[in-house]
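Report on the following structure.
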Protein chains: 2
Amino acid sequence: MSASTLHSAVLDALGSDIVSGELPAGSVLTLENLQQRYSVSRGVARECMRILESLRMITSQRRTGICISPERQWNVYDTRVIRWRLDSRHRAAQLRSLTELRLGIEPIAAHLATLRASADERATLRAAAEDMRRYGTTHRPMRYLAADIEFHRIILAASGNEMYTALADPIAEVLRESPTHGRSDYPVPETIGYHEAVMEAVCTGDPDAAERAMTTLLSDVRGALRLI
Amino acid sequence: MSASTLHSAVLDALGSDIVSGELPAGSVLTLENLQQRYSVSRGVARECMRILESLRMITSQRRTGICISPERQWNVYDTRVIRWRLDSRHRAAQLRSLTELRLGIEPIAAHLATLRASADERATLRAAAEDMRRYGTTHRPMRYLAADIEFHRIILAASGNEMYTALADPIAEVLRESPTHGRSDYPVPETIGYHEAVMEAVCTGDPDAAERAMTTLLSDVRGALRLI
DNA sequence: GGAACCTCATTGTTCTGATCTTTCTCGAAG
DNA sequence: CTTCGAGAAAGATCAGAACAATGAGGTTCC
């Protein structure tokens with residue numbers, strides 16, 4: 001992990017330990033504890049503690065010390081928490097959570113994007129769809145994936161809702177994951193057409209069609225829900 | 001505002017100033033600046049700075065100082081950011097964003113809840129729906145609202161997806177807001193039936209029906225999308 | 001004249017040691 | 001057994017110092 005500063009390295013180590021379960025909920029530490037564990041000064045230990053507290057992963061109390069909070073309280077939308085979970089044995093669970101989030105988010109994002117996308121965003125969306133067809137039919141999976149990620153990022157950004165837009169990075173992570181699960185026929189041929197349908201609806205200005213097309217696009221993901 | 005500790009008071013003041021636009025994106029501060037502005041020591045100023053950095057509301061660089069980041073980079077899922085926005089002139093925008101989020105989230109949450117709710121959660125959901133009818137028909141709006149909030153909280157919790165569950169608090173905030181917009185016939189009579197339909201589908205175990213019922217329940221909210 | 005290089009002031013980063021405040025524990029008094 | 005007070009533990013805050021990166025501005029060399 002990157003560590004331009006000392007505190008970010010300690011934070012990363014500590015966060016990973018908590019997420020991995022090495023420091024389970026209910027564990028109690030002290031600042032002095034952290035200082036020795038990572039050989040840092042009180043100030044650095046305190047800054048890490050404060051950040052984890054701000055992520056609601058720990059609570060700090062006088063006389064008691066630093067207590068690891070149960071997972072249910074964590075700020076699971078923070079990029080670091082997501083990153084730590086993706087880098088731990090909870091990777092599959094985190095990807096599942098994000099996938100379920102996509103199911104709800106992306107159709108409405110497409111709807112909103114249809115209402116609010118700028119001309120520039122519509123053009124970029126069309127370009128991304130064209131790239132998907134180009135690289136999908138010529139079997140260049142990495143470029144196809146990049147176009148796919150770009151496509152979904154634009155939809156989310158064009159939704160005009162900052163809470164939708166903020167999900168672009170973790171959703172990109174999910175997309176990056178899917179090809180590795182080894183479908184032999186990646187990309188699935190119909191997928192390209194579905195993306196084009198979404199793009200056409202957004203460009204035409206038919207929000208309900210865009211929403212329906214996005215739902216269709218996600219239907220295979222949806223089909224897996226029951227199996228979990 | 002609450003301020004059990006000094007740093008939380010400073011953090012709150014600073015966060016509010018940034019969200020309100022009093023410190024616009026691009027503004028540059030220094031640590032010494034913060035120390036004097038709030039009459040606190042270096043350590044406290046640093047802890048606040050670190051937390052705001054962790055919310056991606058500021059960046060800290062040597063020689064440059066502390067720079068306010070553009071809104072698009074903020075961690076808009078953090079409860080403090082949401083709180084600051086709700087307490088600022090962006091209140092309406094924040095409520096709109098959350099409402100749009102509900103449109104996507106809640107139908108799938110209902111779907112998932114149908115698949116995953118515990119017997120206890122189903123019973124509590126039924127109780128909440130019954131409370132809604134009881135207090136809705138006897139015109140006790142505060143109790144009706146409490147039951148409504150409880151209803152949606154259970155659906156989100158029962159989804160078994162921590163990212164859905166984490167949205168319970170802000171969504172409760174949206175629900176608390178709606179009656180104040182002064183519908184004379186609050187609660188809307190049909191609403192109770194829609195909630196019951198969701199509850200029945202969840203208890204019966206029909207995920208698609210639950211999803212459809214929740215979508216219907218949100219249809220009036222959806223209708224307002226075009227108007228924005 | 002311009003581009004590469006050097007110097008230095010500025011500002012965050014880290015460390016240290018001390019003091020204050022809260023809060024739990026334990027023992028003594030009633 | 002209950003109540004209350006003294007003490008200890010741990011975080012909270014402050015102050016001062018040394019360190020390190022980095023950008024601005026001047027200098028030197030084509």
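Quick note on labels: first sequence line is chain A, next is B, and so on, each numbered from 1.
- Atoms CD (A:Gln61) and P (D:dG11) sit 11 Å apart, rounded to a whole Å.
- Residue B:Trp84 is tested with B:Thr79, B:Asp78, B:Leu14, B:Leu55 for a side chain to side chain contact (heavy atoms under 4.5 Å, CB included); the sole match is B:Leu55.
- For D:dT22, the OP1/OP2 oxygens have no side-chain nitrogen or oxygen of B:Thr64 closer than 4.0 Å.
- In this structure, CD of A:Gln36 is placed 16 Å from C1' of C:dC15, rounded to the nearest angstrom.
- Straight-line distance from the CG atom of B:Leu11 to the P atom of D:dT13: 12 Å, rounded to whole Å.
- Residue B:Glu32 contributes atom CD, which lies 17 Å from atom P of C:dA9 at whole-angstrom precision.
- Residue B:Gly65 is classed as a sugar-phosphate contact, given heavy-atom separations below 4.0 Å to backbone atoms only.
- Residue A:Ser60 places at least one side-chain N or O under 4.0 Å from the OP1 or OP2 atom of D:dA12.
- Proximity of A:Arg63 to the phosphate of C:dT21: no side-chain N or O atom is located under 4.0 Å from OP1 or OP2.
- Rounded to whole angstrom, the span from the CG atom of B:Leu6 across to the P atom of C:dT21 amounts to 12 Å.
- For the residue pair A:Ser41 and A:Gln35, no side-chain donor N or O sits within less than 3.5 Å of a side-chain acceptor on the partner.
- Counting heavy atoms from C-beta outward, B:Leu11 and B:Tyr38 have side chains that stay 4.5 Å or more apart.
- No hydrogens or angles were tested; on distance alone, nothing pairs the side chain of A:Arg62 with the base of D:dA12 as donor and acceptor under 3.5 Å.
- In this structure, A:Arg50 places its CZ atom 11 Å from P of D:dG11, rounding to the nearest Å.
- Within the 4.0 angstrom heavy-atom criterion, only backbone atoms of the sugar-phosphate kind lie near B:Leu29; the bases stay farther away.
- In this structure, B:Glu47 places its CD atom 16 Å from P of C:dG12, rounding to the nearest Å.
- Which of C:dT13, D:dT13, C:dC15 sits closest to the side chain of A:Ser41 comes down to C:dC15.
- As a whole-Å value, the separation of B:Ile66 CD1 from C:dT10 P is 17 Å.
- In terms of polar N and O atoms assigned as donor or acceptor, the side chain of B:Arg42 never comes within less than 3.5 Å of the base of D:dA15 in a complementary pairing.
- A heavy-atom distance below 4.5 Å is found between the side chains of A:Asp131 and A:Arg134.
- Using bins of under 30°, 30° to 60° and over 60° for the plane-to-plane angle, the ring pair B:His195/B:His152 lands in the perpendicular bin.
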